[in-house]
Visitor: 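My questions all concern the structure below.
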Amino acid sequence: MLPAALVTQPIPIFFIVLVIILLAPLLLNRLKIPHIIGMIVAGVVIGPHGFDVLQDDSSFAIFGQVGLLYLMFLAGLEIDMFHLRLNLRRGLLFGVLTLAIPLVLGVITSVTVLRLDLTTSLLLGAMYAAHTLISYPVAARFGITKTPAVLIAIVGTIIAVVGSLLVLATAVSIRREGSFNPMAVGWLLVGMAVWTAAILYLYPRITRWFFKRYSDRVTQYVFVLAMVFLAAWTAQLIGLEGVLGAFVAGLVLNRFVPMGSPLMTSIEFVGNALFIPYFLISVGMMINVRVALNPDTLAVAALMLAVALVSKWLPAFIAQKANRLSSPSRNVMFGLTAAHTAVALAVVTLGFQLGMLSGVMLNATILVILVTCAVAPIITASGAAKLKISMLDRDEMIRHTRTNNTLIAVANPLTAPSIVELGMLMRNDRGIHNFYAIHVRNENTRAAKALSSASLDTAQTAAAAADVKLTKIERYDLNTVTGILNAISERDITEVVLGMHRRATVIDSFFGLKVEQLLRATNRMVIISRCYIPLNTVTRIVVAVPRGAQYETGFSRWVRAIARLTRQLGCRVIFCCHADVQPLIRGVLYQENYGVRCEFRTIESLDEMILMTGRILDDDLFIVISARAHSVSHTDEVTEMPSLLQRNFSRNNIIVIYPEQFGEAPALTSFSDPLASDLSTTPTGWLTKLWKRVGK
């Protein structure tokens, strides 16, 4: 055993913790054991009840509490809100079951077997009902956090925690005042309602305002954490648990932190690398294994453990049968809700301090925490592995047959991050997706080389922040269009993403000559973007689709790209199109199972879109599906589109998509072709009545 003096200083303490965080996954992965168990066991070994290497001091109390809040915050942040709404009713059913069954069984066994009074039995029932998502990182590692089983378990967790807190408040009120005081519970409910309404109303507005003005990733990260801990602190002030505040903050901030964004990558990295492991180690340090030597404690612990596990397995079994889920889904629900840690320990500690529970009961609860924390990750891992295999079997054909190669054209370091972010948010997570950034220069000067290098480095850094590999392409070519075309051919590019041309003179075209030349020279999908606000602050996406768009070869590709963007941003999308196009868009979304909130507005022609002027808000994203000349969906209305966008939507966030077309690409004979549209031409009104319908 190391002398205590060697591990009382901050540096060696932090070093030992980092060694545990490093070695636990490496060693236990070989044994096919979830690394969570290793960290908890390591906490037992080095803690005051083990070899006393480290003391369970204020540093572990602080970091452990931060880790618990971080865990619940991540659970709320990673939830797919659309699928959460779809599974909300099933989650409510499971929540009622996972609250009522442990509460009833706990009261019955406490009264009949342990011979406790009704008030103390209610206290133990609250302990059985409350659980912690300690095995949530296991589900996250397997990539099943958006499955119905996990979403149902998360909804059930919130109901169980809130319900157990109300029962706890009732039991404590009876103990302290000698009778039930409904005012105490009533004030708690009122405070919870006011607190929830304030969070739901203020947080989105404050976050959107902040993100629009400050785009630095570090600043946004600190802001998000401050909002999380503010929610946790205010929840404690009204008598709720801080974990509930952190979870609600995660739900509210969900749509401002897209899953594929650099900010989300940073949040997950810091949490999984430091805070959550610290919490797991601190849980182990609270556990005193020596209490198992007491026969009385063992007998009580065996009964409590049986009640704790059975009362959590039954709700999972009933929910599985009621919702027609698979056995792995049942195991995942059971594994996520089986662990009892912070809330359970707080309940029994309060009961011990009030004289309602004996020392034997307190020590038995410690054993229950130890066993459930060890069993829950194993059960979750077994169910998650089988659930993931079934998901892979379903998507196997898509993964092996679909490959995307995206070319992102960057002109300068200032605009590169926003263009790269758009490409990242549209990336295909169900197949192979390769990203390339290109900067074409036609000069060999030092300034041109420096600009090229800075632009590509900035693009690569932005992609790396989102944990995406991006290959840099620096070309010295005749001109920009030729360089991009050569890269398209060399890399088998499937889509090109670029920024919209900023007009320099009144005779410039809306897109610029280079973009128009590129559109005439390639049949690949081209995405042209001009956004004045960060994409994660977009509240709604409006898509204008021309008649006959379903006949283009790249129809399903652009629908999938918009669906992926919508899912990442967590907003709703409104497709404005002819009735003939709507079933095919629905078909692509249904077949791919994207699960986005989509609405449809029927328009007969693009003439109806002119009424959208003034109704596209600053926080909206307007996507226009265009068409190349001589394509099936190309009409005179489409020809007038650039002019009308400039005239009526000059200050709106716009993305224009030219779908992919197969066939022989037109020969690129000249780079000085006349403008594609005459800006002096009076619009024919292809942007007319659509907006009137969008507002309905």
Visitor: Specify the closest pair of heavy atoms between Ile21 and Ala273, including all atoms of both residues, with the distance to one decimal.
Guide: CG2-O, 3.6 Å
Visitor: Once side chain to side chain donor-acceptor pair (under 3.5 Å) is applied, do any residues pair with Gln320, and if so which ones, sequence neighbours excluded?
Guide: Arg330
Visitor: Look up atom CZ in Phe63 and atom CZ in Phe14, then write down how far apart they are to the nearest 0.5 Å.
Guide: 6.0 Å
Visitor: Measuring only between side-chain heavy atoms, which start at C-beta, is Leu325 closer than 4.5 Å to Arg90?
Guide: yes
Visitor: Specify the closest pair of heavy atoms between Ile206 and Phe223, including all atoms of both residues, with the distance to one decimal.
Guide: CG2-CZ, 3.9 Å
Visitor: Measuring from atom CG of Asn87 to atom CD1 of Ile152, what distance do you get when rounded to the nearest 0.5 angstrom?
Guide: 5.0 Å
Visitor: Is the shortest heavy-atom distance from the side chain of Val248 to the side chain of Ile158 under 4.5 Å?
Guide: no
Visitor: Side chain to side chain contact (heavy atoms under 4.5 Å, CB included) for Leu133 and Val243? Distances and angles first, verdict last.
Guide: CA-CA 10 Å; Leu133 295 173; Val243 293; over 6 Å; no
Visitor: What verdict does the side chain to side chain contact (heavy atoms under 4.5 Å, CB included) test give for Leu71 and Phe279, after you've listed the backbone C-alpha separation in whole Å, the side-chain angles of each residue and the deciding distance to 0.1 Å?
Guide: CA-CA 9 Å; Leu71 179 65; Phe279 161 66; 4.2 Å; yes
Visitor: Would you mind reporting whether Leu74 and Asn272 have side-chain heavy atoms less than 4.5 Å apart?
Guide: yes
Visitor: Apply side chain to side chain contact (heavy atoms under 4.5 Å, CB included) to Asn536 and Val257, showing your working.
Guide: CA-CA 7 Å; Asn536 59 343; Val257 188; over 6 Å; no
Visitor: Any chance you could lay out the side chain to side chain contact (heavy atoms under 4.5 Å, CB included) test for Leu230 and Thr234, step after step, and finish with the verdict?
Guide: CA-CA 6 Å; Leu230 175 61; Thr234 52; 4.0 Å; yes
Visitor: Are side-chain heavy atoms of Leu105 and Tyr128 found at a separation under 4.5 Å?
Guide: no
Visitor: Between Thr207 and Pro204 (side chain of the first, backbone of the second, donor and acceptor by atom type, cut-off under 3.5 Å), is there such a pair?
Guide: no
Visitor: Should Leu200 and Val252 count as side-chain neighbours, where that means a heavy-atom distance under 4.5 Å?
Guide: yes
Visitor: In the structure I gave you, are the side-chain heavy atoms of Val307 and Leu124 within less than 4.5 Å of one another anywhere?
Guide: no
Visitor: Quick check on side chain to side chain contact (heavy atoms under 4.5 Å, CB included): which of Pro277, Ser282, Cys373 does Met39 satisfy it with?
Guide: Pro277
Visitor: Output the distance between atom CG (Asp467) and atom CE (Met264), rounded to the nearest 0.5 Å.
Guide: 12.0 Å
Visitor: Any side-chain heavy atom of Met285 within less than 4.5 Å of one from Ile281?
Guide: yes
Visitor: With Tyr136 as reference, evaluate Ile276, Thr145, Thr380 under the side chain to side chain contact (heavy atoms under 4.5 Å, CB included) test and give the passing residue.
Guide: Thr145
Visitor: How close do Gly106 and Ser110 get, counting heavy atoms only, and between which atoms?
Guide: O-OG, 2.6 Å
Visitor: Nearest 0.5 Å please: distance from the CG atom of Leu274 over to the CG atom of Leu18.
Guide: 7.0 Å
Visitor: Can you tell if the side chain of Ile318 reaches within under 4.5 Å of the side chain of Ile101, non-hydrogen atoms only?
Guide: yes
Visitor: Might you point out which heavy atoms bring Ala171 and Thr119 nearest each other, and give the distance in Å?
Guide: O-CG2, 3.5 Å
Visitor: Look up atom CZ in Phe247 and atom CD1 in Ile154, then write down how far apart they are to the nearest 0.5 Å.
Guide: 5.5 Å
Visitor: Taking the inter-plane angle between the rings of Phe60 and Tyr278 on a 0 to 90° scale, is it parallel (under 30°), tilted (30 to 60°) or perpendicular (over 60°)?
Guide: tilted
Visitor: How far apart are the closest heavy atoms of Ala130 and Ser164, and which atoms are they?
Guide: CB-OG, 3.5 Å
Visitor: What side chain to side chain donor-acceptor pair (under 3.5 Å) pairs are there with at least one residue in residues 146-160, not counting sequence neighbours?
Guide: His131-Thr157
Visitor: How long is the gap from CD1 on Ile20 to CZ on Phe15, to the nearest 0.5 Å?
Guide: 10.5 Å
Visitor: With Lys312 as reference, evaluate Thr98, Thr372, Thr337 under the side-chain hydrogen bond (donor to acceptor under 3.5 Å, both in side chains) test and give the passing residue.
Guide: Thr98
Visitor: If the plane angle is over 60° it's perpendicular, under 30° parallel, otherwise tilted; pick one for Tyr70 and Phe73.
Guide: perpendicular
Visitor: Report yes or no: does Tyr594 contribute a side-chain atom to a donor-acceptor pair with the main-chain N or O of Arg567 at less than 3.5 Å?
Guide: no
Visitor: Looking at every non-hydrogen atom in both residues, tell me the closest pair between Met304 and Ala364 and how far apart they are.
Guide: SD-CB, 3.7 Å
